Amino acid sequence: MHAKPIDVVILTEDRYVRPDLDDWYQAQIAREEGLVAAALEAYGLRVERRAWSDGDMDWTQCRGVLFRSTWDYFDRFTEFAPWLERVSGETRLFNDAPLIRWNVDKHYLAELAARGVPIVPTRFVERGDAVSLAAIMEAEGWDEIVFKPAVSGAARLTFRANRASLAQHEPVFARCVADEAMMVQRFEPAIVNEGELSLIVIAGRATHAIRKTARAGDFRVQDDHGGTVHPHAPDAAQCAFAEAAVAACPALPLYARVDFVRAQAGGYRLMELELVEPELFFRFHPPAADALAQELAEKLR
């Protein structure tokens, strides 16, 4: 137990508690979270980094918990869900537990669509449902799709298929649906032609943006799958789209990353709205780390 309570715990996972700075990926994590820690400390807050699964941590001894690189939560969801329930009663979570519970399951996209947010056309397939990719594509008139779990991250079990490749993908999809709920989305050509835009929104306002592109021959834009990240100066329409998506959430999140693509018919379509542990790319715009710290410090007053 600490003699003086911690003001903010920056949450990571076991692998990254002591990052290997000789590894570019872990050095990047250390840099991102270092920017956040320094910004929080500049507001006079005492900061530590801990793994969410740290069995020695007394969460009542911190005033607030900020989710950052907890990128194993979907692989350890049977541990994470009860941890979230317990710790949400012991300290303040940012983002808060109701938003996190809402956001971990991508069924939230259907709710946002109902509230007027344009999303990539999506069909949800519940666990155990007996439906084929061919039937979905026929019903929706889609020629190319992406399917992935409703609870996932880092492109886990994410596949791209077209009518010519259905024979090899149908058994994969069937195995997935036997284990968990899945989502099937129309493939958007802009993801490979232009890339995916990610706008970071702090307390409802867009602060900065990046553009993610897939490596040649792939469609996954995550850097752990060979994707690359580029600076991007968002225009007014892109900021308005991102802020409107965040405003449609059940409550205003402290931070959000809005991932979207240009629609074939014009405008934009939401891919995902990340409220749990998105990379926020502060290294591209360090003042946004200060904006986050300022809002968090205000909430802890």
Side-chain angles (χ1 to χ4, degrees), residues 6-17 19 26 28-41 45-55 57-106 108 151-154 156 198 200-204 207 222 246 249-259 272-283 288-300:
I6 308 163
D7 291 308
V8 181
V9 169
I10 295 175
L11 278 190
T12 185
E13 58 168 279
D14 294 334
R15 290 178 294 180
Y16 306 133
V17 172
Q26 296 189 43
Q28 187 167 277
I29 294 169
R31 182 182 178 191
E32 288 282 328
E33 295 181 6
L35 287 168
V36 176
L40 289 167
E41 288 166 350
L45 300 175
R46 183 179 175 208
V47 181
E48 288 191 10
R49 286 179 76 249
R50 295 272 187 147
W52 67 268
S53 52
D54 185 343
M57 181 61 189
D58 180 355
W59 299 101
T60 66
Q61 293 302 300
C62 62
R63 298 172 60 209
V65 168
L66 178 65
F67 284 81
R68 288 289 71 240
S69 50
T70 55
W71 295 332
D72 62 345
Y73 83 86
F74 44 84
D75 291 323
R76 303 173 63 183
F77 199 70
T78 56
E79 299 171 64
F80 178 79
W83 175 89
L84 180 68
E85 190 68 27
R86 175 175 60 82
V87 173
S88 64
E90 297 176 345
T91 187
R92 296 184 66 181
L93 304 182
F94 300 98
N95 285 313
D96 65 25
L99 269 178
I100 289 174
R101 282 192 289 266
W102 176 76
N103 191 238
V104 295
D105 189 324
K106 292 182 178 62
Y108 73 78
V151 177
S152 188
R156 179 180 75 89
S198 290
I200 288 73
V201 178
I202 306 297
T207 59
Q222 294 84 358
V246 171
C249 292
L252 184 66
L254 171 62
Y255 59 86
R257 195 184 77 210
V258 186
D259 297 339
E272 292 189 16
L273 178 62
E274 300 276 8
L275 305 181
V276 185
E277 32 59 87
E279 187 174 1
L280 297 177
F281 301 99
F282 291 128
R283 64 189 181 276
D290 183 72
L292 176 67
Q294 182 179 10
E295 292 289 339
L296 185 47
E298 286 289 330
K299 291 180 181 297
L300 290 178

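What you see is a predicted model; the values in this text were computed from it and never measured.
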For Leu99, does its backbone N or O pair with a side-chain atom of Asp96 as donor and acceptor, under 3.5 Å?
-> yes
Is a side-chain donor or acceptor of Thr91 paired with a backbone partner of Cys62 at a separation under 3.5 angstrom?
-> yes
Relative to the ring of Tyr108, is the ring of Trp102 parallel (under 30°), tilted (30 to 60°) or perpendicular (over 60°)?
-> tilted
[X] to [Y] - nearest heavy-atom pair and separation:
| X | Y | answer |
| --- | --- | --- |
| Ala97 | Ser88 | CB-CB, 3.6 Å |
| Ile202 | Ala288 | CG1-O, 4.4 Å |
| Ile200 | Phe281 | CD1-CD1, 4.3 Å |
| Leu275 | Asn103 | N-OD1, 2.7 Å |
| Thr60 | Asp58 | OG1-OD1, 2.6 Å |

Only one of Ile100, Leu292, Leu300 passes side-chain contact (heavy atoms from CB on, under 4.5 Å) with Phe94; say which it is.
-> Leu300
Any ion pair linking [Y] and [X] (charged N to carboxylate O, less than 4.0 Å)?
| X | Y | value |
| --- | --- | --- |
| Glu272 | Arg257 | no |
| Arg63 | Asp7 | yes |
| Asp14 | Arg76 | yes |

What is the distance from atom [atom1] of [X] to atom [atom2] of [Y], rounded to the nearest 0.5 Å?
| X | Y | atom1 | atom2 | answer |
| --- | --- | --- | --- | --- |
| Asp75 | Phe80 | CG | CZ | 12.0 Å |
| Leu66 | Thr12 | CG | OG1 | 11.5 Å |
| Asn95 | Glu274 | CG | CD | 11.5 Å |
| Leu11 | Arg50 | CG | CZ | 11.0 Å |
| Arg31 | Ile29 | CZ | CD1 | 13.5 Å |

I'd like to check [X] versus [Y] (side-chain heavy atoms, cut-off strictly below 4.5 Å). Are they in contact?
| X | Y | answer |
| --- | --- | --- |
| Phe67 | Leu93 | yes |
| Arg101 | Glu85 | yes |
| Val246 | Pro253 | yes |
| Trp52 | Val65 | no |
| Leu280 | Arg68 | yes |
| Ile6 | Met57 | yes |
| Tyr73 | Leu84 | no |

Kindly write out the residues that satisfy side-chain contact (heavy atoms from CB on, under 4.5 Å) with Gln26, not counting sequence neighbours, or none if the list is empty.
-> Tyr16, Pro19, Asp20, Asp23
Passing candidate, side chain to side chain donor-acceptor pair (under 3.5 Å) with Ser69, options Gln28, Glu13, Glu33, Glu32 = Glu33
